[in-house]
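Keep in mind that the numbers below use all heavy atoms, side chains included, and drop hydrogens, waters and symmetry copies. What you are looking at is a predicted structure, and each value in this text was computed from that prediction instead of being measured. Each ligand, and each atom within it, is numbered from 1 in the order the structure gives.
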Amino acid sequence: MAPQGSRAELEFGGPLGAAALLLLLPATMFHLLLVARSGPARLLGPPPYLPELEELWSPWALLLCLTWLGLQAALYLLPARKVAEGQELKDKSRLSYPINGFQALVLTALLVGLGVLAGLPLSALPEMLLPLAFAATLIAFIFSLLLYLKALVAPASALAPGGNSGNPIYDFFLGRELNPRICSFDFKYFCELRPGLIGWVLINLALLMQEAELRGSPSLAMWLVNGFQLLYVGDALWHEEAVLTTMDIIHDGFGFMLAFGDLAWVPFTYSLQAQFLLYHPEPLGLPLASVICLINAVGYYIFRGANSQKNAFRKNPSDPRVADLETISTATGRRLLVSGWWGMVRHPNYLGDLIMALAWSLPCGVSHLLPYFYLLYFTALLVHREARDEQQCLRKYGLAWHAYCRRVPYRIVPYIY
Ligand SMILES: NC(=O)C1=CN([C@@H]2O[C@H](COP(=O)(O)OP(=O)(O)OC[C@H]3O[C@@H](n4cnc5c(N)ncnc54)[C@H](OP(=O)(O)O)[C@@H]3O)[C@@H](O)[C@H]2O)C=CC1
Ligand SMILES: CC(C)CCC[C@@H](C)[C@H]1CC=C2C3=C(CC[C@@]21C)[C@@]1(C)CC[C@H](O)C[C@@H]1CC3
C-alpha cells in the first residue's frame with residue numbers, strides 16, 4: 001500500500017527528530033524521577049546515579065500497571081451516561097465515544113478508598129515509582145509497536161494525515177492510524193483521558209499519604225498541589241467530550257508520542273511537584289498559600305471560561321451564552337469568535353493553563369528549579385502546539401484566518417506573545 005500523506009510536511013524534526021525524541025523523552029522522565037528524590041534535586045545537573053536494571057525492572061510493577069490498565073478499561077466499558085459523536089471523518093462517517101470518564105474517576109476513588117480501608121498499602125507506591133515508570137515505558141513501546149503493525153492492515157481511509165511518511169521510525173513515533181479500535185474500544189481516546197490522568201492523581205495521593213506517615217500530617221504545600229491537580233483532572237474528565245475536538249483526536253495518529261505521553265509521561269512527570277515535596281518539605285504560610293490559591297483560581301477561570309465559550313459556540317452558535325459575541329465568517333461555513341475570550345488572544349485557554357502551571361510549582365518554593373520543570377516543558381509544548389494549530393487553521397480557513405490574526409494579533413499572552 002502506498003504510504004498516505006507521504007508528501008505531507010514532516011513535523012518534530014522529521015525522522016532524526018523523532019529518533020532523538022524516542023530516546024530523550026524516556027531518559028528525561030527517569031532523570032526527573034531520580035533527581036526529585038536526591039538531596040540537591042538539581043534539574044540541570046547529571047543524574048545522582050545510574051540505576052541498575054534490578055532497580056528498574058520488577059514483575060510486580062508490570063503486573064500492577066497491567067492491572068491498572070485492565071481496571072480502567074473495565075470502567076470504560078461500563079454503561080455511559082451519554083454516547084457522543086466525534087468529528088466527521090474522511091469517509092464522512094462519525095465514530096461514537098462513551099462519556100463516562102468522570103464516573104471512572106469516582107469509581108476508582110471508591111475502589112481505592114475501600115482498598116485502603118482493607119489495608120492496601122497505598123503509601124508504598126512512591127517507593128515503586130522507578131519500576132512502575134519502567135513498566136509503563138515498556139508497555140508504551142510494545143503497545144506502539146502493535147499499533148504500528150495494526151496500521152499495516154488498516155484501510156487507507158483509516159490513516160492519519162501525518163505519521164505515514166514511509167519512514168518507520170518517524171511513523172512509529174507519530175502514529176499511523178487515526179482512530180485505532182477493536183470493536184467500539186477506542187485506544188487513543190481511552191489512553192488520552194483515563195489511565196494516565198487518573199494515575200497521576202493516584203500517585204499524588206500516595207505521596208500525600210506517605211508524607212503524612214513520615215511527618216505526622218501532610219504539609220500545606222502538598223495539600224495545595226494535590227487539590228489543584230485533582231481539580232484539573234476532574235475538570236478534564238467532567239468535560240470529557242471536549243477532547244473529541246482536540247488535534248490529538250482529530251489529526252494525530254496514535255503512536256509512541258501519545259502512547260508514551262499518556263501512559264508514562266503524564267503520571268510520572270506531571271506528579272513531579274508532589275514527588276519533590278515528599279523529599280524536600282517546604283514550609284508554607286497561610287498568606288502565601290492564599291495568594292497561590294488566587295493565582296490558580298485566576299488561571300482556572302480563564303482556562304475554563306475560554307474552553308467553555310468555544311465549546312458552546314461550536315455546539316450551537318445561537319446558544320444565549322455566546323450568541324452576542326462578534327464573529328467572522330470563513331469559506332467553510334464555520335465562524336470564528338473575535339470577541340470574548342477568543343478576542344483577547346488566539347489561545348486564551350493556553351494562557352489559563354500556563355497560569356495554573358505556575359500555581360502548581362509555587363508551593364514548592366523558589367530554591368529549586370526542578371518543580372518548575374512542568375511550567376518550562378508546558379510552555380514549550382504549548383508554543384509548539386499553537387504553531388501546529390495555526391498551520392492547520394490556515395489550511396482550513398485561509399484568508400479568514402489571516403483576518404482573525406490581524407484582528408487578534410497576540411497568540412497566548414496579551415501584548416507579549
Ligand atoms: N496539560 C497538558 O499537557 C495539555 C493541556 N492542553 C489543554 O487542552 C485544551 C485543548 O487544547 P488544544 O486541543 O490544543 O486546542 P484548542 O482547544 O485551543 O483548539 C484549537 C481549535 O479551536 C478552534 N478555534 C481556534 N480559534 C477559534 C476562534 N477564534 N473561534 C472559534 N474556534 C476557534 C479551531 O478549530 P475549529 O475551528 O476546527 O473548531 C482550532 O483548531 C487547552 O485548554 C489546552 O490548554 C493541551 C495540551 C496538553
Ligand atoms: C511526551 C510528549 C512530550 C508529548 C505528550 C503530550 C501529551 C502528554 C499531551 C498531548 C495532549 C494532551 C492533552 C491533555 C493531557 C496531556 C496530553 C495527553 C489533556 C487531557 C489535559 C487536560 C485538559 O483539560 C485536556 C487536555 C487535552 C490534551
Side-chain angles (χ1 to χ4, degrees), residues 12 21-22 24-26 28-29 87-88 101 137 140 173 188-189 191-194 196-197 200 229 231-240 242-252 255-270 299-300 302-315 317 322 325-328 330 332-357 360 374 377-378 380-382 384-397 400-401 403-405 407-408 411-412:
F12 298 94
L21 285 169
L22 268 176
L24 251 175
L25 289 171
T28 306
M29 183 182 74
Q87 302 280 304
E88 194 176 272
T137 306
F173 181 75
K188 187 167 55 166
Y189 175 68
C191 289
E192 179 103 352
L193 281 169
R194 316 291 180 100
L197 281 190
W200 168 21
Q229 297 183 349
L231 170 72
Y232 189 70
V233 169
D235 175 273
L237 293 166
W238 185 259
H239 297 98
E240 187 177 19
V243 89
L244 297 177
T245 56
T246 60
M247 71 171 79
D248 315 78
I249 300 291
I250 297 177
H251 180 268
D252 293 340
F256 181 78
M257 181 179 76
L258 281 180
F260 174 77
D262 294 340
L263 302 179
W265 183 261
V266 166
F268 297 102
T269 67
Y270 284 29
Y300 181 72
I302 300 176
F303 166 84
R304 180 58 18 236
N307 278 324
S308 294
Q309 199 167 65
K310 176 164 70 72
N311 295 341
F313 180 71
R314 279 286 173 252
K315 253 189 182 165
V322 290
L325 294 174
E326 206 184 327
T327 61
I328 53 175
T330 75
T332 64
R334 278 157 89 86
R335 304 177 73 82
L336 289 166
L337 290 164
V338 290
S339 67
W341 288 115
W342 297 82
M344 184 175 83
V345 281
R346 299 205 293 272
H347 270 288
N349 48 355
Y350 290 4
L351 176 65
D353 222 337
L354 285 169
I355 295 173
M356 283 192 284
W360 301 352
Y374 177 74
Y377 138 82
F378 198 42
L381 180 123
L382 290 184
H384 180 245
R385 203 171 162 91
E386 194 278 335
R388 291 182 78 207
D389 189 52
E390 182 102 356
Q391 287 308 312
Q392 285 166 30
C393 286
L394 205 55
R395 267 196 294 274
K396 262 187 288 188
Y397 300 127
W401 188 257
Y404 177 48
C405 293
R407 175 79 188 254
V408 184
R411 296 162 195 263
I412 302 177

Which ligand 1 atoms does [X] reach within 4.0 Å, using its non-hydrogen atoms?
{"X": "Y397", "result": "36 (P), 37 (O), 38 (O)"}
{"X": "T246", "result": "13 (O)"}
{"X": "F303", "result": "43 (O)"}
{"X": "F378", "result": "1 (N), 2 (C), 3 (O), 4 (C), 5 (C), 48 (C)"}

Indicate yes or no: does an N/O atom of [X] lie under 3.5 Å from an N/O atom of ligand 1?
{"X": "K310", "answer": "yes"}
{"X": "R335", "answer": "no"}
{"X": "N307", "answer": "yes"}
{"X": "R334", "answer": "yes"}
{"X": "Y374", "answer": "yes"}
{"X": "Y377", "answer": "no"}
{"X": "L336", "answer": "no"}

Check whether any side-chain N or O of [X] sits under 3.5 Å from a backbone N or O of [Y] as a donor-acceptor pair, and report yes or no.
{"X": "W200", "Y": "Y270", "result": "yes"}
{"X": "K396", "Y": "W401", "result": "no"}
{"X": "W342", "Y": "A306", "result": "yes"}
{"X": "K188", "Y": "D252", "result": "yes"}

May I ask whether atom 11 (C) of ligand 2 is less than 4.0 Å from at least one protein heavy atom?
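Under 4.0 Å from atom 11 (C) of ligand 2, at least one protein heavy atom found.
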
Can you find a protein heavy atom closer to atom 18 (C) of ligand 2 than 4.0 Å?
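Yes.
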
Hey, is R385 one of the residues with a heavy atom under 4.0 angstrom from ligand 2?
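For ligand 2, residue contact (heavy atoms, under 4.0 Å) with R385 is present.
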
Who's closest to atom 32 (N) of ligand 1 heavy-atom-wise, of M247, R314, R385?
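Of the listed residues, R314 has the closest heavy atom.
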
Quick test of your reading of the structure: of Y270, Y232, W265, W342, whose heavy atom lies closest to atom 26 (N) of ligand 1?
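Going through Y270, Y232, W265, W342 one by one, W342 has the nearest heavy atom to atom 26 (N) of ligand 1.
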
Rounded to the nearest 0.5 Å, what separates atom CG in N311 from atom NE2 in H239?
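Rounded to the nearest 0.5 Å, the CG-NE2 separation comes out at 8.0 Å.
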
Strictly under 6.0 Å, is that where the ring centroids of W265 and Y377 end up?
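For W265 and Y377, the ring centres are under 6.0 Å apart.
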
Are W360 and Y232 an aromatic pair by the rule of ring centers under 6.0 Å?
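That pair passes the under 6.0 Å test.
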
Step by step, work out the side-chain hydrogen bond (donor to acceptor under 3.5 Å, both in side chains) result for Y350 and R411.
CA-CA 9 Å; Y350 290 4; R411 296 162 195 263; over 6 Å; no

Which of the atoms in ligand 2, numbered in the order shown and given with their element, are less than 4.0 Å from a heavy-atom of L25?
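Those atoms are 1 (C), 3 (C).
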
Can you list the atoms of ligand 2 that are under 4.0 Å from a heavy atom of D248?
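Counting atoms of ligand 2 from 1, those under 4.0 Å from D248 are 10 (C), 11 (C).
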
Residue part near ligand 1, for L337, under 4.0 Å between non-hydrogen atoms:
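Both parts.
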
Answer with side chain, backbone, both or neither: which part of C393 has a heavy atom less than 4.0 angstrom from an atom of ligand 1?
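C393 to ligand 1: side-chain contact only, backbone stays beyond 4.0 Å.
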
Can you tell me which residue and heavy atom of the protein come closest to atom 7 (C) of ligand 1, and the distance to 0.1 Å?
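I find the closest protein heavy atom is D353 OD2, 3.4 Å.
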
Could you find the nearest protein heavy atom to atom 6 (C) of ligand 2 and give me its residue, atom name and distance?
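Atom 6 (C) of ligand 2 sits closest to the protein heavy atom L381 CD1, 4.2 Å.
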
Could you tell me whether the side chains of R334 and T330 share a donor-acceptor contact shorter than 3.5 Å?
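There is no such pair (donor and acceptor under 3.5 Å, judged by atom type) between the side chains of R334 and T330.
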
